[in-house]
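Down below is the structure, laid out as structure tokens.
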Amino acid sequence: MIHSLVAITISSITCALFAYVAFRLYFKQQIQTNNTGVIILQNKVLFAVLYGLFTIYAGFIATPNGATVRLLGPLFVGMMAGWRYGVLTSLFGVALLCMKEWLQYIPDIQLVGNTFYSSVLSTVLAGFLAGLWHKRLKGKLPRIWQAVVFCVAFELFVHLPVTLIVAWPFAVVWQSAKISFPELIIANAVGMGVMVFVIGNLIEEKLALLERQRINAELVAARVLQQGLIKKKNPEPYRMPGIDLYAGVVNEDQASNSFFDYYYSESGRKLYFCVVEIAEITTKATLTMLVIKTLFRTKAKRAATLQSIFSNIQRELKAVEDTRKNRSAFMGIIDLDTGLISERIARNYCAVVRNNQGDWQELHEVSTAEDVLRDGEILVLASNSGIKTAAGKNAKDWHSFFDNTATMQQSGEKLVAFLKNNDINCCEDGAAVMLIKYQKPAERIALRIELQEIDRLHDWLADFAEKQKIAEKLLSTLKLVLEELVVNIIKYGFGQDVSADEKIEVQIQLADERIVIQIKDRGRAFNPLIDNLEKPRQKRTVGGWGIQLVKKSAHKLEYERQDGFNIVSMEININGG
Amino acid sequence: MEILEVRKVGEATIVKMPKSVDSNTAGDVETQLLTAIKAGVNKLVCDFTENNYVSSAGLRVFMEAFNEIEEKNGKMAIFGLHEVVYEVFDITGFTDVFPIVGSEQEALDCL
């Protein structure tokens with residue numbers, strides 16, 4: 001009995017090895033599959049012949065009771081390739097039986113009774129019936145237990161009855177069958193189970209490979225699409241007066257479907273921006289991304305309402321929602337006149353702003369869009385919640401990526417490098433970051449050293465006021481203050497023979513609730529706040545009216561002499577005081 | 001030079017101030033006012049209804065005119081100051097020097 005079990009084990013292991021080697025070397029490449037799991041073997045004839053040869057070989061390693069696994073070949077081929085090939089393999093089994101019967105080629109096996117015809121019939125039926133099962137399986141590989149049950153059923157309900165009916169004499173055959181059939185059943189069932197297990201694994205491996213190849217192919221396609229349509233990985237820093245913008249993707253080595261985009265409105269007074277991540281690296285995701293991007297761009301140009309653009313994008317994002325869990329998006333419009341985000345949408349985003357006090361605040365904590373971004377504030381958008389984990393749960397941790405003097409390019413690169421160097425889940429599928437520092441542009445004018453320039457100064461201020469929607473009263477104050485200071489410089493800072501190249505530079509900037517003014521000239525050192533050069537000409541003249549007016553209007557007023565320049569810095573509160 | 005509109009109402013002379021009396025235009029205003037005073041005007045009313053800007057250069061002109069007319073024992077009044085301009089007069093203490101009133105009639109009554 002033990003001897004028999006060893007023989008069976010050898011048979012089974014041989015089956016498995018044979019199947020494994022055959023598939024590994026050749027048939028794995030032959031497996032074609034579609035997503036329904038149907039296995040299509042190419043070159044089925046070779047497959048049948050190989051297993052036919054195996055069947056002959058199996059006939060030589062019978063147990064002492066004469067049990068062999070010669071039916072495994074036809075069963076397996078029939079199951080894998082259909083009845084025609086199963087029967088083809090069966091024919092090799094028949095050849096083996098002929099060798100035994102007529103040539104007495106296998107002398108070791110003790111033939112008991114006349115089993116030739118029953119064996120031939122069983123062998124052919126094995127290939128044929130397995131082929132019918134193949135049809136029923138519709139080409140799919142059965143589960144291991146199904147294969148085992150099939151084998152056992154075949155032995156019990158086909159092989160055994162056929163043997164008992166066809167072979168003779170019955171008494172001898174029955175005695176022999178009682179001993180050999182349990183072994184046969186075990187051997188075939190185990191062999192079949194092992195083969196299905198091995199092949200199943202190989203097929204899965206193959207399918208995984210095919211899937212990888214498909215994804216790789218899609219990645220290539222996606223990358224081409226992205227590179228063609230999306231901004232390059234290291235964009236030029238956005239340079240518009242008042243806006244310092246950096247945008248980048250964290251992992252640009254693959255088409256990660258993390259992207260950003262931005263553009264001006266036609267009037268040039270609004271910045272549209274978006275940071276999106278679709279955590280799926282398939283063509284579908286790329287297409288979704290492109291749809292979003294296209295919506296983002298073209299709808300706006302067709303003057304569709306922003307709400308409609310955003311709701312379209314929301315819909316697109318929702319469409320991919322079903323398949324994957326991570327999508328993040330932040331889109332909005334910054335009004336370049338006010339510095340506020342006028343409209344925005346956000347999904348699973350990670351975004352922080354730095355408020356006037358220099359504290360970092362998470363964007364979702366801000367109640368209304370109007371509260372979001374004020375002059376000079378920094379807005380950071382990062383389209384993957386992983387970034388948040390990485391860069392710190394607390395918005396305040398973002399301090400480490402910024403200092404006041406850094407440009408957004410510098411801060412952005414620092415942030416991206418950090419994310420890359422720290423193996424953080426956000427880098428796997430990529431992420432997009434966008435940093436925006438908003439500041440009203442400073443306006444400048446250079447005045448010649450002559451009083452007529454005051455007209456030009458006033459006109460320039462009127463333009464500025466109109467652009468920045470500054471009230472008339474404040475405009476008068478600005479005109480007054482600048483006139484007094486500039487006239488002072490023209491009168492007292494320079495001599496009569498002043499060079500025509502000599503200029504007074506005036507710079508004005510709207511920041512927060514104040515107007516910041518700087519006046520710079522290369523005249524002789526002259527502090528208008530102290531040096532009173534207006535000589536009273538009449539008894540009632542107290543003089544110094546000009547500087548009196550300036551002091552009264554300015555919230556902050558400073559003078560310094562630096563590198564040969566007189567620099568007067570001043571701030572005027574927009575709301576008076 | 002922008003010629004200022006001058007009207008006679010009884011003994012008084014009403015001079016309409018330009019939109020802006022700044023460092024550029026102050027000279028012209030000064031010349032015309034002083035010329036008028038030298039020519040014998042001693043009841044002067046400055047009409048600021050169309051003016052909305054006066055800088056310290058403008059203030060100086062009115063101070064000059066005021067001093068000039070006082071020397072001749074004349075009188076001077078101002079009316080129709082824009083809010084912003086009134087502030088300028090106020091900050092520099094000019095509101096204590098001139099009679100500054102709301103309407104032309106009030107100004108004429110001051111003289």
Side-chain angles (χ1 to χ4, degrees), chain A residues 447-462 465 470-493 504 506 528 532-554 572 576-577, chain B residues 1-2 17-31 33-34 37 48 50-76 78 80-100:
Chain A
L447 303 167
R448 293 189 304 276
I449 315 298
E450 46 190 71
L451 284 175
Q452 285 77 3
E453 288 285 88
I454 295 302
D455 272 352
R456 205 155 70 85
L457 176 69
H458 283 174
D459 290 347
W460 175 72
L461 285 170
I470 285 172
E472 203 183 324
K473 193 177 171 198
L474 183 57
L475 170 62
S476 291
T477 306
L478 290 175
K479 280 162 120 178
L480 184 66
V481 162
L482 279 167
E483 178 182 330
E484 300 301 347
L485 290 170
V486 169
V487 167
N488 254 358
I489 295 166
I490 293 172
K491 280 188 178 165
Y492 309 115
I504 300 168
V506 181
N532 182 7
L533 295 167
E534 290 186 64
K535 298 284 178 284
R537 289 190 287 175
Q538 305 289 343
K539 53 184 178 185
R540 282 239 182 86
T541 308
V542 285
W545 298 317
I547 203 63
Q548 217 175 327
L549 289 169
V550 171
K551 280 178 174 165
K552 185 79 185 171
S553 306
I572 295 175
Chain B
M1 186 202 282
E2 190 185 343
M17 290 300 126
K19 202 163 181 290
S20 165
V21 188
D22 54 40
S23 305
N24 263 338
T25 54
D28 298 343
V29 176
E30 183 173 17
T31 311
L33 287 183
L34 293 184
I37 291 165
F48 276 78
E50 285 184 8
N51 170 283
N52 62 16
Y53 181 85
V54 173
S55 73
S56 69
L59 291 178
R60 192 164 303 110
V61 170
F62 302 121
M63 188 54 88
E64 290 283 345
F66 184 74
N67 287 335
E68 203 67 28
I69 213 160
E70 270 216 326
E71 274 180 19
K72 297 189 167 183
N73 295 320
K75 279 191 168 177
M76 179 175 165
I78 284 173
L81 282 184
H82 192 276
E83 186 196 346
V84 180
V85 181
Y86 182 85
E87 257 180 45
V88 171
F89 277 71
D90 196 31
I91 290 165
T92 47
F94 273 56
T95 42
D96 300 333
V97 179
F98 303 109
I100 295 174

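In what follows, every heavy atom counts, from backbone to side chain, and hydrogens, waters and symmetry copies are set aside.
Residues A:Lys479 and B:Asp22 are not in side-chain contact: their nearest non-hydrogen atoms beyond the backbone lie 4.5 Å or more apart.
Within 6.0 Å of the NZ atom in B:Lys75, the count of heavy atoms belonging to other residues, nucleotides or ligands does not exceed 12. Heavy-atom neighbours of B:Lys72 NZ from other residues, nucleotides or ligands within 6.0 Å: above the threshold of 12.
Once rounded to the nearest 0.5 Å, the distance linking CG of B:Asn52 with CD of A:Glu472 reads 6.0 Å. Atom CG of A:Leu451 is separated from atom OG1 of B:Thr25 by 11.0 Å, given to the nearest 0.5 angstrom.
Residue contact with chain B, scored on non-hydrogen atoms closer than 4.5 Å, involves the side chain of A:Lys491 exclusively. Both the backbone and the side chain of B:Val88 come within contact range of chain A, judged by heavy atoms closer than 4.5 Å. In this structure, chain B has heavy atoms under 4.5 Å from both the backbone and the side chain of A:Gln452. At a 4.5 Å heavy-atom cutoff, the contact between B:Val54 and chain A is made by backbone atoms alone.
Here the shortest heavy-atom pairing between A:Trp545 and B:Arg60 reads CZ3-CA, 3.5 Å. Residue A:Ser476 comes nearest to B:Val84 through the heavy atom pair CB-CG1, 3.4 Å, listed as atom of the first residue, atom of the second, then distance.
Salt-bridge annotation for B:Glu87 and A:Lys473: present, with a side-chain N of the basic residue lying under 4.0 Å from a carboxylate O of the acidic one.
Judged by distance alone, the side chains of A:Gln548 and B:Thr92 never bring a donor and an acceptor atom under 3.5 Å apart.
When each of A:Val487, A:Ile490, A:Asp455 is tested with B:Ser23 by the rule side chain to side chain contact (heavy atoms under 4.5 Å, CB included), just one qualifies, namely A:Val487.
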